[in-house]
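Protein chains get the first letters and strands the later ones, always in sequence-line order, with residue 1 at the start of each.
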2 protein chains.
Amino acid sequence: MPRSKGKKSSAPVTIHDVAERAGVAISSISRVLSGHPDVSERMRIKVQRAADELGYEPDFFAQSLRSGATKTIGFIMRDISNPFFGVIAQCCEQELRKAGYSMLLMNSDGDVATESTNIAQLRRRKIDGLIASLVSEDIPELNSTLEKLNAPVVLLDREVVGLNSSAILANHHQGVEDATLDLISRGHKRIAFISGSTRVYTTRDRLKGYKSAFKKAGVTYPTELVSLGKFDAEFGESETKRLFTLKDRPTALLSGGIGSTAGAMRGLKKLGLVPGKDLAFVAIDEWPMFDVYGQQFSSVYRDAAMIGREAAAALLEMISGGSPRTIMVETHYIVRESSTGGLKAKKK
Amino acid sequence: MPRSKGKKSSAPVTIHDVAERAGVAISSISRVLSGHPDVSERMRIKVQRAADELGYEPDFFAQSLRSGATKTIGFIMRDISNPFFGVIAQCCEQELRKAGYSMLLMNSDGDVATESTNIAQLRRRKIDGLIASLVSEDIPELNSTLEKLNAPVVLLDREVVGLNSSAILANHHQGVEDATLDLISRGHKRIAFISGSTRVYTTRDRLKGYKSAFKKAGVTYPTELVSLGKFDAEFGESETKRLFTLKDRPTALLSGGIGSTAGAMRGLKKLGLVPGKDLAFVAIDEWPMFDVYGQQFSSVYRDAAMIGREAAAALLEMISGGSPRTIMVETHYIVRESSTGGLKAKKK
DNA sequence: GCATAAAATAGAAACGTTTCCAGAAACGAT
DNA sequence: ATCGTTTCTGGAAACGTTTCTATTTTATGC
């Protein structure tokens with residue numbers, strides 16, 4: 001028992017063990033392993049061998065405590081089960097991992113309070129950076145909460161005024177304008193538009209595209225068919241039902257966001273309306289497999305994988321001293337079968 | 001400068017600052033804040049007030065270094081962009097967060113080497129537990145790698161022999177048997193079956209259901225229509241194309257796993273074959289929105305949200321000293337339109 | 001009141017690193 | 001040889017907690 005030389009099976013090997021084995025000071029071990037320049041070749045070899053023989057792995061927490069860097073990135077999503085966010089998360093994590101960082105994932109479930117708790121938690125964990133898809137842009141104290149993080153921030157599809165962060169924005173209005181113009185040119189005037197709150201960039205920019213299309217076409221847009229509230233499926237479904245049971249019901253529908261689209265599709269189904277036949281339908285953001293399902297949906301597309309990669313790149317840049325920047329990702333209107341339909345016998 | 005009383009704007013407040021303010025020892029601060037019983041009411045109030053006034057937040061890394069608990073759970077997925085895994089991740093994270101744990105997310109991208117690197121990384125980070133959807137079950141050194149983690153493990157849909165872990169398994173064979181029997185009863189004999197490698201539980205259990213259905217029906221199953229290889233979309237697509245261009249082509253298809261199904265659907269589309277018409281088609285595991293897309297797909301369903309919750313629960317249980325256990329989640333055959341079709345003019 | 005036990009507190013030693021500082025060794029140049 | 005440089009190394013002080021031990025205070029029973 002008193003012998004500490006025995007094979008202490010599972011006691012983790014520390015820097016002291018390596019130092020003892022190599023017969024040098026612990027500071028030398030640290031220098032060798034962290035690639036410090038002031039190290040002789042003889043020392044390097046000696047230490048490396050001792051470390052290898054003992055299978056030494058530096059303790060992450062001790063390192064972080066002393067050095068201050070945690071090699072950890074916080075990632076706050078409104079809903080990771082949303083495949084659009086899933087792709088972003090995947091690509092982002094891949095890039096961060098390549099650079100030696102790990103990703104701490106938290107869902108806010110679209111709830112402001114949860115989001116703020118999450119940010120606080122991440123601050124205590126001293127993350128080196130944050131990538132977030134925020135619930136809203138104008139929450140009181142949001143700026144101060146984020147600044148207290150004391151770490152660079154990359155926002156996805158959000159513009160927070162007065163905050164010194166990077167942002168990955170999509171050029172939503174372009175795609176939406178194209179889609180709306182196409183629908184108008186097909187003869188639609190009563191085009192419904194469902195999306196989230198105007199308190200976030202996403203909605204505002206989409207709305208801009210919707211309005212500018214009508215303007216370009218010289219038509220006034222139907223304000224009563226624009227429904228902006230939440231991004232979730234419940235809202236999408238109930239609004240779709242409401243709008244499509246109006247007396248003078250819409251002939252086309254633009255649904256903004258993955259959640260909205262899911263809700264809209266459910267709503268239409270319950271009403272017995274078939275996209276591409278009883279109405280023209282364009283989804284903003286794609287669900288996976290949109291291109292192969294029997295019924296093909298038109299969409300305003302953006303590249304989620306690229307968004308993830310760009311977010312990681314922007315953050316890593318800031319961590320190594322770079323300045324915040326805003327990246328604009330293009331959107332594209334993809335015409336498929338569901339852009340047709342909704343107009344009674346006009347074609348005949 | 002020499003005064004340290006001045007408002008040092010951004011220097012983080014430590015336990016020492018609180019101790020000084022309250023005029024007590026740092027050990028008392030720790031005791032109060034961690035809810036130690038041996039604390040007088042007077043002390044509790046004094047410390048609490050000082051802590052509140054200073055806005056003290058214990059340093060996470062210092063806590064972990066000293067106490068050994070990291071309040072962090074590793075989560076290794078093959079592909080988080082897969083919405084099925086996304087739902088699992090979301091529900092799981094939610095449960096863990098409630099219990100005060102954070103989730104460190106890593107993708108293995110279906111690659112064994114990446115997976116093993118990830119596990120090593122998580123070990124250095126001293127995670128309190130791991131939840132993983134492993135690439136394979138019989139990788140050499142997998143057991144020792146996982147055991148070296150020195151933390152409880154919950155595996156999703158995997159059976160690793162000799163490993164003392166919990167597992168969330170799905171009762172795949174039941175759902176697949178039901179689906180296969182239904183197809184047989186509709187008159188199908190040439191039922192193709194595409195899934196991943198038999199080196200994982202998932203495939204083995206599904207295959208079991210497929211075979212037992214044929215056995216129960218007293219029919220020998222078409223070995224040449226069973227294609228087991230990988231879970232990804234490429235494999236699903238190429239095998240679908242191969243099988244459905246055979247001279248004596250299948251009349252029905254069971255595709256196992258989200259990836260396979262995506263590939264199969266692409267393949268069928270390219271061949272111009274419509275599920276529910278030119279063939280009967282049953283997906284094993286659902287893509288989101290299967291119930292609302294124009295063309296409705298039959299499936300063998302399992303509840304991803306429940307899997308996530310059960311995984312979290314099992315892990316938390318083990319962390320607080322409980323024993324590993326295996327949870328079996330039911331699967332259900334859901335009949336929709338795509339179960340019809342594929343039989344020439346039999347009905348007429 | 002007094003011994004004894006119990007409760008509350010302070011002080012200091014960890015935890016495993018990195019980093020600062022000082023000193024030793026090596027190396028040219030005189 | 002001697003002196004300055006440079007290069008390398010060892011020792012020790014952080015980093016901010018928790019936890020162990022020892023000490024002081026308070027309560028309890030006679």
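We find that CZ of B:R31 is positioned 14 Å from P of C:dA7, with the value rounded to whole Å. Distance CD1 (A:I26) to P (C:dG16): 12 Å, rounded to an integer number of Å. We find that CD1 of A:I29 is positioned 13 Å from C1' of C:dG16, with the value rounded to whole Å. A:L65 has its CG atom 9 Å from the P atom of D:dT17, to the nearest Å. Between A:H16 atom NE2 and D:dG10 atom C1' the separation is 12 Å, expressed in whole Å.
Using modelled atom types and a 3.5 Å distance limit, the side chains of A:N107 and B:Q94 yield no donor-acceptor pair. If you check the side chains of B:T114 and B:D109, you find no donor sitting under 3.5 Å from an acceptor. Of the N and O atoms on the side chains of B:S136 and B:R158, not one donor lies less than 3.5 Å from an acceptor on the other residue.
Side-chain N/O atoms of A:S27 and base N/O atoms of D:dG10 include a donor-acceptor pair closer than 3.5 Å. Remark: the A:R66 side chain and the C:dT17 base include no donor-acceptor N/O pair separated by less than 3.5 Å.
Among D:dT17, C:dA10, C:dT19, the nucleotide with an atom closest to any side-chain atom of B:M43 is C:dA10. Distance from the side chain of A:P12 is smallest to C:dG16 among C:dT9, C:dA13, C:dG16.
More than 12 heavy-atom neighbours from other residues, nucleotides or ligands sit within 6.0 angstrom of CZ on B:R124.
When the side-chain nitrogen and oxygen atoms of A:S40 are compared with OP1 and OP2 of D:dT7, none of them lie within a distance under 4.0 Å. Taking 4.0 angstrom as the limit, B:T14 places none of its side-chain polar atoms (N or O) nearer than this to OP1 or OP2 of D:dG16.
If you check every strand for non-hydrogen atoms under 4.0 Å, A:D59 touches sugar and phosphate atoms only. Residue A:F60 is out of contact with every strand shown, counting any heavy-atom pair closer than 4.0 Å.
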